[in-house]
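Notes follow once the structure below has been shown.
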Amino acid sequence: MRQRLSSEPDRYRGRRRVPTPPRSRYAAVVTTAFVGAGLVALGASAMPDAKEVSPAALADLEQASAASQDATSRAADAERASRATDRGEAGTLVAEPDIWQLPLQDYEFNTPYGMKWGKLHTGVDLVAPEGTPYVAVHAGKVTTAGWFGGYGYTVIVQHPDGSEAIYGHSAKLNVKVGQEVKAGDQLGLVGNTGHSYGAHLHLEVHVNGQPLDPIPWLQDRGVDIKLQVESIYTDVAAS
């Protein structure tokens, strides 16, 4: 819930040359080419006198030295990027799949969102045997895990987009405040705590602090609570 490496300043990859007299300039280039490029094959023979090196040979040596330095620099950059990825720093992470799914399997859809007994029922009730595990419908961070008034034992998960899912009337909770969860992670067990009249999971969705009807909101994300259909199975079946 799930953000970057500040770009490193560009490194000067050239070499600063100190002006030298015309006759010694070639010797300096040859020495740099042999040492910087690591031309081991040429190490077996004696270094030629600067006066005996042709301009074409000097150009080849200079080009080999530059290529060696560039390859070394690229290897160092790749190593730094690899270390950053291992540390999980911002800008190197692969995004988690945008998965939404049902909180339960094999339940009875009971009470929809809307007016009930003269007041707004702000969620949906999914009837299942007490002790049935329920899971997170989407990845996020647990902001509440405990007794929550009339909701009884409750888990609230805040998703990366700021929306929240509320899971009420639990018999037992399996997560703690501050814990990061993924879609499908078990949050607790169906119960009958708080203002409840039988074992069921009460599910609410809040956006900007206001309750919304979970049915159309989750349908937009590939999950149909009433038909017990979720996008992860639809996608598998279609492939």
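- Under the ring pair (Phe, Tyr, Trp, His ring centres under 6.0 Å) criterion, His200 pairs with His169, sequence neighbours left out.
- Atom-to-atom distance recorded for Gln105:CD and Leu126:CG is 11.0 Å, nearest 0.5 angstrom.
- Scored by the side-chain hydrogen bond (donor to acceptor under 3.5 Å, both in side chains) test, Asp161 finds Ser163 as partners (sequence neighbours excluded).
- For the residue pair Val137 and Ala165, the shortest heavy atom distance occurs at CG2-CB, 4.3 Å.
- Between the NE2 atom of His206 and the CD1 atom of Ile156 there is a distance of 7.5 Å, given to the nearest 0.5 Å.
- When all heavy atoms of Ala183 and Ile99 are compared, the closest pair comes out as CB-O, 3.6 Å.
- Leu218 CG to Leu102 CG: the interatomic distance, rounded to the nearest 0.5 Å, is 8.5 Å.
- By the rule that hydrophobic residues join a cluster once side-chain heavy atoms approach within less than 4.5 Å of another member, Leu173 and Val177 end up as members of separate clusters.
- Between atom CD1 of residue Ile225 and atom CG of residue Asp125 there is a gap of 11.0 Å, rounded to the nearest 0.5 Å.
- Listed for the Gln210 side chain is no donor-acceptor partner under 3.5 Å among the backbone atoms of Val207.
- Taking the side chain as every heavy atom from C-beta outward, Leu203 and Ile166 never approach each other to under 4.5 Å.
- Remark: Asp224 pairs with Gln219 by the side-chain hydrogen bond (donor to acceptor under 3.5 Å, both in side chains) rule, at least two apart or across chains.
- More than 12 heavy atoms of other shown residues, nucleotides or ligands fall within 6.0 angstrom of atom NZ in Lys116.
- Residues Val135 and Gly184 come closest through the heavy atom pair CG1-O, 3.4 Å.
- Residues Val124 and Tyr107 share a hydrophobic cluster, clusters being chains of Ile/Leu/Val/Met/Phe/Trp/Tyr side chains in contact below 4.5 Å.
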Output a table of donor-acceptor pairs, distance under 3.5 Å, between side-chain atoms of residues 145-153 and any protein atom two or more places apart or on a different chain; print 'none' if there are none.
residue: Trp147; atom: NE1; partner: Gly149; partner atom: O; Å: 3.4
residue: Tyr151; atom: OH; partner: Glu204; partner atom: OE1; Å: 3.4
residue: Tyr151; atom: OH; partner: Glu204; partner atom: OE2; Å: 2.8

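- Shown here for Leu187 and Val181, the closest heavy-atom pair between the two residues is CD2-CG1, 4.1 Å.
- Pro160 has its side chain within reach of His138: a pair of non-hydrogen atoms, C-beta onward, lies under 4.5 Å apart.
- Side chains of Val157 and Thr143 form no contact here, defined as non-hydrogen atoms less than 4.5 Å apart.
- Chaining together hydrophobic side chains whose heavy atoms lie under 4.5 Å apart places Trp117 alongside Tyr197.
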Show every donor-acceptor pair shorter than 3.5 Å between a side-chain atom in residues 127-134 and any protein atom, with sequence neighbours excluded, or say none if there are none.
residue: Thr132; atom: OG1; partner: Pro129; partner atom: O; Å: 2.6
residue: Tyr134; atom: OH; partner: Ser170; partner atom: OG; Å: 2.6

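- Thr111 OG1 to His121 NE2: the interatomic distance, rounded to the nearest 0.5 Å, is 5.5 Å.
- Here His159 and Trp100 bring their ring centres to under 6.0 angstrom of each other.
- For the pair Tyr167/Leu201, a side-chain contact is recorded, criterion being any heavy-atom separation below 4.5 Å from C-beta on.
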| said: Applying side-chain contact (heavy atoms from CB on, under 4.5 Å) to Leu227 and Phe109, what does each step give before you reach the verdict? | reply: CA-CA 9 Å; Leu227 297 180; Phe109 182 88; over 6 Å; no
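- With values rounded to the nearest 0.5 angstrom, Glu164 atom CD is found 11.5 Å from Leu212 atom CG.
- Judged by distance alone, with hydrogens and angles left aside, the side-chain atoms of Asn192 form a donor-acceptor pair with the main-chain N or O of Gly198 at under 3.5 Å.
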